[in-house]
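First up is the structure itself, then whatever we jot down about it.
A, B, ... follow the sequence lines: proteins, then strands. Residue 1 opens every chain.
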Number of protein chains: 2
Amino acid sequence: MDPQLADVSLPARLAGDDEGITMEELALAARNHGLPLEALRHDVTPPGLHYLLVHYDIPDLDPADWRLAVTGRVGTSLELSLDDLRARPATTVRVTMECAGNGRALLRPRPVSQPWLVEAVGTAEWTGVPLRSVLEKAGVDAGAVEVVFTGADHGVERGVEQDYQRGLPLGDALRDEVLLAYAMNGAPLPPQHGFPLRLVVPGWYGMAHVKWLTSIEVVDTPFRGFQNAVAYRTRQSADEPGEPVSRILPRALLVPPGFPDFQTRRRVVRPGRVELTGRAWSGRAPLTAVEVSTDDGRTFSPAVLDPDGGHRWAWRRWHATWEATPGQHTLAVRACDAEGNTQPDDGAWNRGGFANNLVHRVPVVCLS
Amino acid sequence: MDPQLADVSLPARLAGDDEGITMEELALAARNHGLPLEALRHDVTPPGLHYLLVHYDIPDLDPADWRLAVTGRVGTSLELSLDDLRARPATTVRVTMECAGNGRALLRPRPVSQPWLVEAVGTAEWTGVPLRSVLEKAGVDAGAVEVVFTGADHGVERGVEQDYQRGLPLGDALRDEVLLAYAMNGAPLPPQHGFPLRLVVPGWYGMAHVKWLTSIEVVDTPFRGFQNAVAYRTRQSADEPGEPVSRILPRALLVPPGFPDFQTRRRVVRPGRVELTGRAWSGRAPLTAVEVSTDDGRTFSPAVLDPDGGHRWAWRRWHATWEATPGQHTLAVRACDAEGNTQPDDGAWNRGGFANNLVHRVPVVCLS
């Protein structure tokens, strides 16, 4: 490691028992933002409300100069302009995307990194070219095992200078729904969401959806780059290799009912019937149930789960009713899917704070 | 105060000397977001990158049902639909908007509230109807002194349940450039920026630009509502009335050069000529200078300040060059305006953490 680069990076660490959020974590929270939970009301998240995580800086790319290189273990290397991509048959997929670090700041001890609570999620209509059609045009060699995607965002992480890069197993890369997307909700990608082109891997956590794509390389050995081999892995201790983070575990979120206090965000309702609603999703398998508790998770009842409307990779709306009575209450909601994945009552802790799909809890005061 | 509402609110307070950012402050930072500083490159901030502060929840308003009431000390009360407003002559104004709490989290002791660093700013093209034309249509009575604007966002603040409301002195309300805006950057307002209608008061901090407007009331005594009389005032101690927060003090920000570390956001450059650029603005008076320091503020040199291009109420680009040499450096930038307002080297402290326009500093490591 370059000793000077080590000067700007801090080692991975866990916060102390009573350690508040650090100024470095705050600087990340001020840049990268979550979905205000009341925006769960929208089927498709309006521009600017979708969660955003930018590892380094938003690159400034001129679409006239920009090209996508397709290289490596292929029959014919390609260099594609944005017009080349737009000229190919396009597909639109509605996708719920969630940051792998969602829920991290609720873990104890807290891994020090982007300090998400529960709101690092959003749903968009992504339009672009199926990745498979581009790989087929290039011709993938028989020995290929992975596809490596490189973005134009450049920075340092744990002392390692890098362009953001992720490898994806070939079998996942060839799935029908994987896109090279140039439009979000019918408009060109916003700068912060990967303009002019990003990868979209429905069902996977956000780290797989490489933004500001500049190159696609087909490789014949598993990719050992930083984001696959070091960063996005679940580990209990720092010295184990860990398991790679991949598909999204089930999660249900509640639109916090009533109205909030500005400073604490605590909720207030008045006595009587309160409609509870929210969204739920899983990138692993179709959802089978959403359950709601109005007694802090002691008992749960089934919520009504809307059908997916043909959008397998998007969240689904759920709703339930609650007869609110004066006093303090804690609402909770959880989802499970057809593979039997559920939400734990406490987060399943790991050092990176990844894939923490703990049950969503919302304290509410009902006035008398 | 309703004791139950007091249960959800916390009293105003200052953080302890070594107290980290609290979970309540983090929840605000996760919802409300700043401008990633590299987005200062854009003359007009792209959708989703403009800073956002929502006091309570984003209301869900149906434009078909929505009406704007114009009442109080007027000759004729009005009830206007969105179509009524769109049928009137429209104006577009480019406006740099900044949160009054920008810089708060850098103050010592830190006022506990929305924990902004320096990025609570953005510039948009707002289109709408001049407020004056609507007030003239209603006819303002001779004794009127202020105009009270009410938004649809409802919540609790320091134990007080309220719709967000602000009074504006009549003289300011009648200025040419004050708009009832229904479009942002040529599109209908996004939900989070006040759909379907917001007030825009060029030159004033963000709290004046009331979103989700439902009513305008002309009054003959100064408005004593929470947001004018309690919240947005600069005070040294809790028991003084304080001064109202109004127009934006000058500020210059720097696009952090080079590339960042993910976790610390510290910057890295390589030796040689580095172009420094950024934006500067003042809501008080036209800017007269921007100055840059490459030695942590010991010495400053003039930057080149671009003309305003006819956009009096928008930020202006500035640029300078720096010959970077290996080692650790701290860059700094400051602006001053034609009224003689400048930027202090430390923030001018007040209990609310308002209008803190301290000099912007950016530490940079230049590799050898």
Charged N to carboxylate O below 4.0 Å: is that the case for B:E25 and B:R104?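 Salt bridge between B:E25 and B:R104, a charged N being under 4.0 Å from a carboxylate O: no.
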For residues [X] and [Y], is any side-chain donor paired with an opposing acceptor at under 3.5 Å?
{"X": "A:Q114", "Y": "A:N32", "result": "yes"}
{"X": "B:Q165", "Y": "B:T150", "result": "yes"}
{"X": "B:E161", "Y": "B:H154", "result": "yes"}
{"X": "B:R317", "Y": "B:T277", "result": "yes"}

Measuring heavy-atom distances to chain B, does [X] have an atom under 4.5 Å in its side chain, in its backbone, in both, or in neither?
{"X": "A:A105", "answer": "both"}
{"X": "A:P36", "answer": "both"}
{"X": "A:L28", "answer": "side chain"}

Looking only at heavy atoms and a cut-off of under 4.5 Å, which of [options] has the most pairs with chain B?
{"options": "A:T264, A:L26, A:L117, A:D57", "value": "A:D57"}
{"options": "A:A27, A:A29, A:S113", "value": "A:S113"}
{"options": "A:E19, A:R267, A:H193", "value": "A:R267"}

How long is the gap from CE on A:M184 to NE2 on A:H50, to the nearest 0.5 Å? 4.5 Å
To the nearest 0.5 Å, tell me how far B:F262 CZ sits from A:Y56 OH. 8.0 Å
Is the side chain of A:Q4 donor-acceptor paired with the backbone N or O of B:S368 at a distance under 3.5 Å, no angle test?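 Confirmed, A:Q4 side chain pairs with B:S368 backbone.
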Which atoms of [X] are under 4.5 Å from chain A, going by heavy atoms: the side chain, the backbone, both sets, or neither?
{"X": "B:H42", "value": "side chain"}
{"X": "B:L10", "value": "both"}
{"X": "B:P115", "value": "both"}
{"X": "B:D60", "value": "both"}
{"X": "B:Q263", "value": "both"}
{"X": "B:P363", "value": "neither"}
{"X": "B:V112", "value": "both"}
{"X": "B:P46", "value": "side chain"}
{"X": "B:A120", "value": "neither"}
{"X": "B:L49", "value": "both"}

A:H55 and A:Y164 aromatic ring geometry - parallel, tilted or perpendicular at 30°/60° bounds: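 Because their plane-to-plane angle lies in the 30° to 60° range, the rings of A:Y164 and A:H55 count as tilted.
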Parallel, tilted or perpendicular, judged at 30° and 60°: which one describes the rings of B:W116 and B:Y51?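 Correct class here is perpendicular.
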Crowding at CG, A:D17 (>12 non-hydrogen neighbours, <6.0 Å): no
If you count heavy-atom pairs within less than 4.5 Å of chain A, which of [options] leads?
{"options": "B:P59, B:A187, B:P256, B:A12", "value": "B:P59"}
{"options": "B:G258, B:P190, B:G20, B:A39", "value": "B:G20"}
{"options": "B:E38, B:E24, B:R266", "value": "B:E38"}

